Amino acid sequence: EIPLIPVLEEMEQNGFKINKKEIQKLGAFAEKEIQKLEKEICKLAGAEFNISSTKQLSEVLFGRLNLSGRIRKTPKGKLSTRAQELEKLREVHPIIPLILEYRELQKLKTTYIDPFPKLIDPKDGRLHTTFIQTGTVTGRLSSQNPNLQNIPIKTELGQEFRKVFVAEKGFKLLSLDYSQLELRIAAHIAGDEKMIQTFKRGEDVHLRTAAEVFDVSPEMVTPRMRREAKALNFGIIYGMGPQGFARSAGIKQTEAKKFIEKYFEEFPKIAEYMEDRRAEAHEKGVIKNLFGRQRNLSEIHSSIPELVRQAERMAINFPIQSVAADITKMSMIKIHEYTKKNYRQNEVKILLQVHDEIVLEVKKELVEKLTVEFKKIMESVYELGAPLVAEAKVGDNWSEMKNA
């Protein structure tokens with residue numbers, strides 16, 4: 001963490017060039033879209049109401065429309081209208097996808113589009129965020145004023161919004177993103193040879209998992225099978241059980257239970273890893289990662305079953321997610337050292353880190369050379385059984401990046 005401090009300081013000073021005109025255009029477009037969605041939602045509800053009011057929304061969904069499902073209740077005993085609960089009703093009524101889209105647009109508009117113009121430094125036309133090293137228990141970096149870690153990218157408007165992050169004239173944006181980092185770490189820590197070999201051969205791990213779980217040849221794997229295997233691969237390392245998997249894959253719980261059992265038959269070392277982490281958490285009340293970063297899990301000794309289950313999930317996920325955070329930080333330090341030694345500051349700048357992605361601004365004529373060098377640094381920063389792979393993209397803005 002200490003060698004990272006000067007890197008973050010420099011990143012904060014560098015800032016990210018912002019296209020102010022694009023933001024203003026987006027603001028007007030978002031407003032129109034929000035108004036359109038409001039009309040459609042109220043029409044489906046059969047009455048006008050304030051969609052942003054959880055009380056009114058709850059009355060419409062669970063009273064007027066009488067929607068039902070396995071929805072959790074709030075501490076006050078009311079049915080929850082949180083996004084993850086509404087997701088369970090996505091297929092139940094056409095109003096739900098519209099409400100989720102409305103919320104996403106509102107969040108983008110109020111959190112990013114509206115405040116951004118005021119946050120741009122008038123001297124350099126750049127946005128200077130503040131990076132927080134100690135803001136998450138896993139060691140992942142977070143940022144504030146504004147928070148650049150949570151910009152929605154699944155919606156069309158979220159992708160459009162990324163276009164406002166641009167490179168200076170004569171420069172390009174270079175993005176390097178670790179491929180399936182957490183799954184590679186999981187395979188390494190668990191010592192699961194089948195999964196490690198899949199990564200070593202450069203195969204599609206979700207395709208291979210689908211082939212194993214469904215007991216078919218890779219050529220016979222359908223897109224639906226691969227989707228379910230992907231949900232399972234990521235879900236397992238987050239300690240997800242049959243109920244969570246059933247929800248994320250859109251299948252029945254009994255089917256989900258069978259899938260998980262078959263998964264553990266095919267990848268027994270992953271099951272062993274999960275059991276060992278749970279036992280360690282119960283025994284010690286803390287969990288450590290490969291590099292010694294640790295997390296207190298005192299809630300594992302709680303008398304409340306839900307808190308115990310939550311702590312067990314954290315015990316499984318923390319050693320994986322925190323190593324992903326540490327490896328990305330190690331890469332940032334190495335890239336910074338390399339550029340300091342070989343280039344002037346105005347030739348290459350580290351701008352941002354989001355999850356497993358590092359975004360830089362590089363002089364056009366240096367892009368090709370630095371893409372090779374930075375990939376080499378990121379892929380060799382730490383040796384895992386399942387080799388590290390970094391994917392590079394280049395572009396004039398953060399949304400329209402092409403493979404380098």
Side-chain angles (χ1 to χ4, degrees), residues 16-69 71-72 74 76 78-120 122 125-127 129 143-166 247 250 354 395-401:
F16 211 135
K17 181 82 174 169
I18 299 292
N19 184 333
K20 210 169 174 177
K21 282 180 186 168
E22 268 313 304
I23 292 188
Q24 285 158 351
K25 271 194 225 166
L26 267 182
F29 175 73
E31 191 55 54
K32 265 189 208 166
E33 287 297 299
I34 286 166
Q35 285 172 7
K36 198 164 86 181
L37 281 167
E38 275 173 352
K39 280 180 189 165
E40 287 178 43
I41 290 165
C42 290
K43 190 178 169 187
L44 285 169
E48 287 202 8
F49 70 103
N50 179 359
I51 303 159
S52 300
S53 159
T54 52
K55 185 174 180 285
Q56 290 185 37
L57 181 62
S58 182
E59 283 164 5
V60 166
L61 298 181
F62 309 121
R64 177 181 276 272
L65 297 177
N66 199 24
L67 302 186
S68 62
I71 304 292
R72 288 186 179 184
T74 66
K76 290 181 180 175
K78 304 272 186 190
L79 289 168
S80 172
T81 58
R82 287 175 63 190
Q84 66 195 65
E85 298 305 314
L86 293 188
E87 276 291 350
K88 299 172 188 175
L89 300 173
R90 187 179 272 277
E91 308 300 324
V92 173
H93 196 284
I95 198 170
I96 301 294
L98 297 181
I99 289 165
L100 291 168
E101 192 183 341
Y102 172 86
R103 281 183 172 174
E104 194 88 345
L105 280 180
Q106 275 285 30
K107 179 187 171 184
L108 195 59
K109 188 172 186 298
T110 56
T111 313
Y112 296 106
I113 295 172
D114 292 347
F116 255 44
K118 302 179 198 102
L119 296 169
I120 298 165
R126 297 172 85 92
L127 188 82
T129 188
S143 77
Q144 65 183 28
N145 301 328
N147 176 357
L148 298 180
Q149 305 279 340
N150 289 334
I151 297 171
I153 55 166
K154 287 178 185 171
T155 59
E156 199 181 322
L157 193 68
Q159 280 295 348
E160 283 295 311
F161 182 64
R162 283 193 166 208
K163 286 182 187 173
V164 309
F165 293 83
V166 295
R247 199 163 55 239
V354 180
D396 294 316
N397 66 63
W398 196 18
S399 176
E400 298 168 322
M401 308 280 278

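Predicted model only: the values in this text are computed from it and were never measured.
To the nearest 0.5 Å, atom OG of residue Ser58 and atom CZ of residue Arg64 are 13.5 Å apart. Asn66 contributes atom CG, which lies 10.5 Å from atom CZ of Phe62 (distance to the nearest 0.5 angstrom). Interatomic distance, OG1 of Thr81 versus CD1 of Ile51, reported as 12.5 Å (0.5 Å rounding). Note: Leu89 CG to Ile96 CD1 = 5.0 Å, rounded to the nearest 0.5 Å.
Between Pro117 and Ile113, the shortest heavy-atom contact is CD-O, 3.3 Å. When all heavy atoms of Ala45 and Val60 are compared, the closest pair comes out as CB-CG1, 3.6 Å. Here the closest heavy-atom approach between residue Gly395 and residue Met401 is recorded as N-SD, 3.6 Å.
Between Arg162 and Asn397, every side-chain heavy-atom pair lies at or beyond the 4.5 Å cut-off. The shortest distance between side-chain heavy atoms of Ile18 and Ile23 falls below 4.5 Å. Side-chain contact between Leu127 and Leu148 is present, with at least one heavy-atom pair separated by less than 4.5 Å. A 4.5 Å side-chain heavy-atom check between Ile99 and Leu57 finds at least one atom pair inside the cut-off. Contact of the Val166 side chain with the Asp396 side chain is not registered, since no non-hydrogen atoms from C-beta on lie closer than 4.5 Å. Contact of the Pro146 side chain with the Thr111 side chain is not registered, since no non-hydrogen atoms from C-beta on lie closer than 4.5 Å. Looking at Tyr112 and Asn150, their side chains come closer than 4.5 Å, going by heavy atoms from C-beta outward.
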Indicate every side-chain donor-acceptor pair of residues 37-44 with a distance under 3.5 Å to a residue at least two apart or in another chain.
residue, atom, partner, partner atom, Å
Glu38, OE2, Tyr102, OH, 3.2

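The list of salt bridge (charged side-chain N to carboxylate O under 4.0 Å, His left out) pairs with a residue in residues 24-37, not counting sequence neighbours, reads Glu22-Lys25, Glu31-Lys109, Glu33-Lys36. For residues 90-108, the salt bridge (charged side-chain N to carboxylate O under 4.0 Å, His left out) pairs, not counting sequence neighbours, are Glu87-Arg90.
Ser80 places no side-chain N or O within donor-acceptor distance of the main-chain N or O of Arg72, the cut-off being under 3.5 Å.
In this pair, Phe165 and Trp398 present their aromatic rings perpendicular. The plane angle is above 60°, beyond the 30 to 60° band.
The local environment of CD in Gln24 is crowded, with over 12 non-hydrogen atoms from other residues, nucleotides or ligands closer than 6.0 Å.
The only member of Leu61, Leu79, Leu86 that meets side chain to side chain contact (heavy atoms under 4.5 Å, CB included) when paired with Ile71 is Leu79.
Salt bridge Glu160/Lys163: present, at least one basic N to carboxylate O contact under 4.0 Å.
Taking the six-membered ring for Trp and the full ring otherwise, Phe161 and Phe29 have centroids separated by 6.0 Å or more.
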